[in-house]
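This report concerns only the one structure given below.
In this text the structure is predicted, and so the values were computed from the model without any measurement. These numbers come from the heavy atoms of this one structure, side chains and all, not from hydrogens, waters or symmetry mates.
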Amino acid sequence: MAALTAPAAPTPASISRSASMRSSQGSAGDAQELLESLDLLTSIPRPGGSVSRRSSGTASNESFRRREESEDPLVDSAPATFPLPVRLSTQITRHAIDWSLLHGLVVNFGDRARPNYQHVPIALLPSPYPTRIFDEAVRVQMKINQLFHSLQFGDYDFLATSLHAVAEKDEFIAKLLRISRAVRNEGPAQNVSLSIHRIDYVLHLPTAANSPVLRIAAAQTMSAAFPALGSVVSDLHAHMASRFPALHLRSQRIPHNNGLSSIVDVFARTVSTYGAQFSQPLACLAMLVIENTAVEDPGSLELRMIENALWERYHITVLRRSFQELYAEVESLGDGRSLVLGEHEVALVYFRYGGKSTDYASSSDWSTRLLLERSRAIKCPSIANQLAGHRHLLHVLSRPGVLDNLMPEAGDLQQALQGIHMVPVTPDGMARVADIAEEFLLQSSLRSSTNLLSGVDLVDSIVAMRDDERALHALLERPRPPMQRNYLVQNGSVSLGNVVSELGVFGAVLSESNSKMLHSSVLGHVLRSKMTDEDGGMSAGLAVLDSPYLV
């Protein structure tokens, strides 16, 4: 899917490395060699003879080409009529569960002492999704990459100013901004940053409209979940389409989704960029994952998939530490503010932990975050990248003229933000909202608040607010997503019902402080579906992983 994906053809010799690389014999030039090889992969013929070419540093939505090209017109088809015959549904459910367990669609619902491995909750069949909307989401994602690159460096002051009012109410955001400013005032040791983010989109059917529109629901800029598992679910559904003709599914309608290989390639590119910066051989470099080692993360097996692929494809070592472990192990940074753990210098810090105030149990955890930000290791994300996903920033960007000043050609991105509105401050404005209060949800900009108010509660809350409090809220158009019929499989049991889906698209941008994007790409996607009468997410066991079936 992404331009860096290794093809079936033999891998270049510079990438195929033996375990001997772990010795001190590795040359400082191998990092630059790997970078060149990564670019070379963009022009290696893919199976079928097609060649994907692009300029280095950016990747287009070619990542989402269909699984096969055909001159035959594709009829608008849905799966076989629901409900499926009992014998068929039983057969394919068992088959899907076994396939999932064999191919890594596994999650630990227990802990490390007493693991409880189960298949990831999944949709039995892919859910229909409009091709036009899917392609639009991919285009928007590339513009969001550009926006996040800009907020990291050129428009950092806009980012900090936009979040100032939030920081006055939220000590967690205030601390992050203080660390970011301290590092900028000292002079950063690293001028490159990596952002891997997931933007969640909902389909919305406006009143009296015949076709849905795309709306941005949220941005995840730290530890965005499911880049690897999303790609495996797509493979599962493509397999089901070809394995069971009675389902009347066509695999070419399931877009390619190489999220696992794409994120691995981006990590390898980043580590290699660091090696080329400081003339360090890859054998001496490592990627450091910040996690909570005291508690089992339900997503830890997905991270292990990424870790294993990094080693198998590029022989890059992955180290894991908690804030507490780093605080005990590292007293200070090395020469040039290098971060050294044992025999490895850390080239890339990947935060799987640290996105919530509760992740920092003591002042030593904050000291460790400051140490990491001051180091010359490339951060994913940096604090600026982390804050770029704050919901208040989406609120600000949706205001008239704001996005136009940052990105004159925002286009599709501007349209995707149209479902977010400012809270009115005038009596006339509040009266208009009161007339259609059931059509909106009131959302606070503060992370600590998760309640969404509507109707009378929304109106009463707005009336009771001061103007400065209204500025920290937004009105969201109540989404009206189209419903689909599908089977959801959880813990071995299957249920049929009406489901709604949310599309998450993953993006990556490797940025340099001279306003240069070293790399920008769409990594992959994941569809998450749940029954319409349920409210919750994957952690609550109510939503399942799904993939789009383009119609």
Side-chain angles (χ1 to χ4, degrees), residues 144-145 147-198 219-224 270 274 287-292 321-323 326-327 330 333 337 339 346-394 396-397 445-448 507-513 515:
I144 288 176
N145 285 0
L147 175 64
F148 283 178
H149 163 75
S150 175
L151 293 174
Q152 166 70 20
F153 294 114
D155 292 312
Y156 174 82
D157 290 341
F158 166 81
L159 172 67
T161 301
S162 298
L163 294 176
H164 176 73
V166 176
E168 290 183 335
K169 304 284 187 180
D170 188 336
E171 182 60 19
F172 175 63
I173 300 301
K175 286 183 176 180
L176 289 176
L177 283 172
R178 284 198 291 270
I179 290 177
S180 181
R181 289 193 189 99
V183 172
R184 291 173 70 86
N185 291 338
E186 180 185 18
Q190 178 56 261
N191 65 351
V192 173
S193 71
L194 174 64
S195 177
I196 292 180
H197 40 269
R198 190 188 77 223
Q220 304 291 334
T221 52
M222 174 171 275
S223 187
T270 304
Y274 181 96
M287 170 176 151
L288 171 64
V289 175
I290 302 298
E291 62 178 1
N292 183 3
R321 298 289 192 278
S322 66
F323 284 138
L326 269 181
Y327 184 79
V330 181
L333 298 174
R337 284 192 258 169
L339 177 60
V346 176
L348 171 62
V349 179
Y350 178 46
F351 288 93
R352 292 279 297 189
Y353 190 71
K356 308 186 301 294
S357 59
T358 53
D359 294 343
Y360 300 82
S362 66
S363 59
S364 63
D365 291 347
W366 283 107
S367 297
T368 302
R369 182 66 191 268
L370 173 60
L371 178 139
L372 293 171
E373 291 293 324
R374 292 185 61 246
S375 78
R376 74 183 190 187
I378 299 172
K379 271 70 70 177
C380 179
S382 66
I383 285 180
N385 286 145
Q386 178 180 344
L387 293 176
H390 197 281
R391 71 165 69 132
H392 182 65
L393 196 66
L394 291 180
V396 172
L397 291 171
S445 294
L446 302 179
R447 290 280 186 176
S448 58
V509 58
L510 187 63
S511 301
E512 195 171 20
S513 59
S515 298

Verdict with supporting geometry, F172 and D359, side chain to side chain contact (heavy atoms under 4.5 Å, CB included) = CA-CA 10 Å; F172 175 63; D359 294 343; over 6 Å; no
First locate atom OG of S162, then atom CG of D157, and finally report the distance between them rounded to the nearest 0.5 Å.
-> 10.5 Å
Do the non-hydrogen side-chain atoms of L371 and L326 ever get within less than 4.5 Å of each other?
-> no
Distance, nearest 0.5 Å, that separates CZ of R369 from OH of Y360 | 4.0 Å
Side-chain (S180) to main-chain (L177) donor-acceptor, under 3.5 angstrom = no
CG on L510 to OG on S193, rounded to 0.5 Å = 7.5 Å
Work out which heavy atom in Q386 is nearest to a heavy atom in T221; give both atom names and the distance.
-> O-OG1, 2.8 Å
Are there more than 12 heavy atoms of other residues, nucleotides or ligands under 6.0 Å from atom OH of Y327?
-> no
Between S382 and N385, is a side-chain hydrogen bond (donor to acceptor under 3.5 Å, both in side chains) present by the stated rule, with each step listed?
-> CA-CA 5 Å; S382 66; N385 286 145; 3.3 Å; yes
Calculate, to the nearest 0.5 Å, the distance between atoms CD1 and OH belonging to I196 and Y350 respectively.
-> 6.0 Å
Is a donor on one side and an acceptor on the other found under 3.5 Å between the side chain of D170 and the backbone of V166?
-> no
Side-chain touch H390/L159, heavy atoms, less than 4.5 angstrom | no
Considering non-hydrogen atoms only, spot the tightest contact between S511 and F153 and give its length.
-> CB-CE1, 3.6 Å
Just say parallel, tilted or perpendicular for the rings of Y353 and F323, cut-offs at 30° and 60°.
-> tilted
Heavy atoms only: give me the nearest L393-A388 pair and the separation to one decimal.
-> CD2-O, 3.4 Å
Please test V192 against Y274 for side chain to side chain contact (heavy atoms under 4.5 Å, CB included), starting from the C-alpha separation and ending with a verdict.
-> CA-CA 9 Å; V192 173; Y274 181 96; over 6 Å; no
Minimum heavy-atom separation for L151 to A384, with atom names?
-> O-CB, 4.5 Å
Worked check of salt bridge (charged side-chain N to carboxylate O under 4.0 Å, His left out) between E373 and R184 = CA-CA 10 Å; E373 291 293 324; R184 291 173 70 86; over 6 Å; no
How many angstroms lie between CD1 in I383 and CE in M222, if you round to the nearest 0.5 Å?
-> 8.5 Å
Does the side chain to side chain contact (heavy atoms under 4.5 Å, CB included) test come out yes or no for L372 and I290, once each step is laid out?
-> CA-CA 10 Å; L372 293 171; I290 302 298; 3.9 Å; yes
Is a side-chain donor or acceptor of R376 paired with a backbone partner of L339 at a separation under 3.5 angstrom?
-> no
First locate atom NE2 of H392, then atom CG of L387, and finally report the distance between them rounded to the nearest 0.5 Å.
-> 12.0 Å
Short question: side chain of R337, backbone of R374 - any donor-acceptor pair under 3.5 Å?
-> yes
Heavy atoms only: give me the nearest K379-S375 pair and the separation to one decimal.
-> NZ-O, 2.7 Å
